[in-house]
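Comments concern the structure below.
Start at 1 and go down the list; that is how both ligands and their atoms are numbered.
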Amino acid sequence: MKAIIVHGGAGDAKKLNEISVRVQVVKEASLEGYGVLKDGGSATDAAVAAVKILEDNPLFDAGKGSYLNEEGEVEMDAAVMNGNNLSIGAIAGIHKVKNPVELARVVMEKSPHNFLIGRGAEEFGKQFGIEFAPLHYFFTERLIQIWEGRYGDTVGAIALDESGLITAAVSTGGTQNKHVGRVGDSPLVGSGFYANDSFGAVSTGIGEDIMKVVLSFRISLYFPTHSLEESVKKSIDDLTKVNGKAGVIALDKNGNFAYGYNTKGMFRAYIKDGMLVPEATY
Ligand code: GLY
């Protein structure tokens with residue numbers, strides 16, 4: 001079974017005219033990842049390819065569209081996790097990398113460490129041909145207009161390939177106007193992402209809230225004694241109990257999708273074998 005689920009952030013999308021465009025881009029990201037799977041690529045190839053589409057689009061808070069911190073700089077975080085061997089690559093506080101999810105992948109695959117930050121992470125990436133972007137690449141028209149409203153739009157994907165590998169990938173610019181050095185849930189295993197040999201999950205929303213309940217890993221407290229859908233629902237209920245606001249997507253080894261959020265909406269798209277086109281909505 002080949003399957004992929006992608007999200008483009010949970011929150012209150014204030015710019016209503018952007019909603020249909022963002023749904024379309026999330027759909028394209030799921031198709032990109034699914035195309036990789038159909039061509040024989042691994043779940044890691046697929047999840048990273050899907051996240052790159054969203055990082056390259058300035059409508060999402062990751063890569064090119066990353067929010068600026070209080071000093072007007074981007075500080076990006078990303079992670080990738082392989083559900084078969086539980087290997088992890090996470091990065092935080094990245095300023096100049098075009099696709100942070102690719103840097104997270106090389107940390108997972110080429111480094112003896114799980115988590116690298118800032119300059120050390122960027123230096124590590126140089127050895128593996130990671131593409132760097134000039135600072136003006138991140139100063140987009142949307143970013144200049146965005147001060148009118150804040151909404152979480154971290155991006156993420158979980159893919160399942162024919163071999164049964166589940167990979168989770170996540171990327172974010174964090175929260176708007178954040179303190180320099182602030183790191184959210186996204187690069188933290190268990191909070192922003194998790195994958196093992198039975199399911200994968202990626203969270204989105206207010207990182208400070210997500211960490212309180214370790215939202216992505218939390219699903220494993222309920223699964224498999226509950227369905228994936230019920231496990232996601234219970235995890236979001238736990239988040240609500242601590243007044244947290246977020247969403248989560250999940251995918252299990254049988255290709256079942258689940259998602260939940262207690263925000264106004266969450267951009268998401270998913271496709272698997274047997275579906276002609278992705279389901280995509282906010
Ligand atoms: N969920 C992304 C962040 O809070 O940084």
Side-chain angles (χ1 to χ4, degrees), residues 5-13 22 26 47 51 54-55 57 59-71 73-81 90-95 97 99-101 103-104 115 117-118 121 138 143 146 149-158 168-194 200-219 232 235-236 238-240 242-250 259-268 282:
I5 182 166
V6 172
H7 81 75
D12 179 2
R22 292 172 70 187
V26 170
V51 168
L54 302 171
E55 287 181 333
N57 191 304
L59 291 179
F60 299 89
D61 173 29
K64 187 171 177 61
S66 292
Y67 288 150
L68 303 182
N69 66 17
E70 61 184 357
E71 293 188 351
E73 295 177 313
V74 292
E75 283 185 304
M76 301 174 285
D77 311 327
V80 179
M81 183 166 187
I91 54 164
I94 301 303
H95 297 287
V97 171
N99 291 110
V101 72
L103 179 54
F115 198 161
I117 62 165
F138 300 100
L143 203 53
I146 214 161
R150 170 180 186 274
Y151 50 98
D153 43 10
T154 294
V155 306
I158 312 150
V170 57
S171 184
T172 187
T175 49
Q176 183 193 340
N177 210 24
K178 64 189 177 183
H179 199 287
V180 173
R182 179 265 185 192
V183 177
D185 61 295
S186 299
L188 301 184
V189 60
S191 290
F193 66 97
Y194 187 71
V202 176
S203 300
T204 173
I206 309 298
E208 285 73 5
D209 295 345
I210 292 168
M211 288 181 217
K212 288 178 186 166
V213 296
V214 200
L215 186 59
S216 295
F217 183 74
R218 187 159 210 93
I219 294 167
V232 164
S235 300
I236 291 291
D238 292 344
L239 176 76
T240 304
V242 298
N243 299 317
K245 286 280 181 196
V248 65
I249 56 171
Y259 50 82
Y261 50 89
N262 61 6
T263 52
K264 195 163 173 186
M266 178 169 72
F267 293 95
R268 70 240 183 221
Y282 167 65

Within ligand 1, which atoms have a heavy atom of Gly174 less than 4.0 Å away? 5 (O)
Using a 4.0 Å cutoff against the non-hydrogen atoms of Thr154, which atoms of ligand 1 qualify? 1 (N), 2 (C)
Hey, which atoms in ligand 1 end up nearer than 4.0 Å to a heavy atom of Gly184? 5 (O)
Run the numbers on Asn177 and Glu70 for side chain to side chain donor-acceptor pair (under 3.5 Å), then give the verdict. CA-CA 4 Å; Asn177 210 24; Glu70 61 184 357; over 6 Å; no
Sub-3.5 Å donor-acceptor pair from the side chain of Ser66 to the main-chain atoms of Gly63, do we have one? yes
What do we get for Arg182 next to ligand 1 when only non-hydrogen atoms under 4.0 Å count, side chain, backbone, both or neither? side chain
If you count the atoms of ligand 1 from 1 in the order shown, which ones are under 4.0 Å from a heavy atom of Asp185? 1 (N), 2 (C), 3 (C), 4 (O)
Check side-chain hydrogen bond (donor to acceptor under 3.5 Å, both in side chains) between Asn262 and all other residues, then give those that pass, not counting sequence neighbours. Thr240
A student checking ligand 1 against Thr172 at a 4.0 Å heavy-atom cut-off should list atoms 2 (C)
For Arg182, is there an ion pair with Glu208 - N to carboxylate O distance below 4.0 angstrom? yes
With respect to Gly205, determine whether any N or O atom, backbone or side chain, lies less than 3.5 Å from an N or O atom of ligand 1. yes
Under 4.0 Å to a heavy atom of Ser186 - the qualifying atoms of ligand 1, by number: 1 (N), 2 (C)
Taking every non-hydrogen atom, the tightest pair across Ser191 and Ser203: O-OG, 3.2 Å
Which atom pair, heavy atoms only, marks the closest approach of His95 to Phe138? O-CE1, 3.4 Å
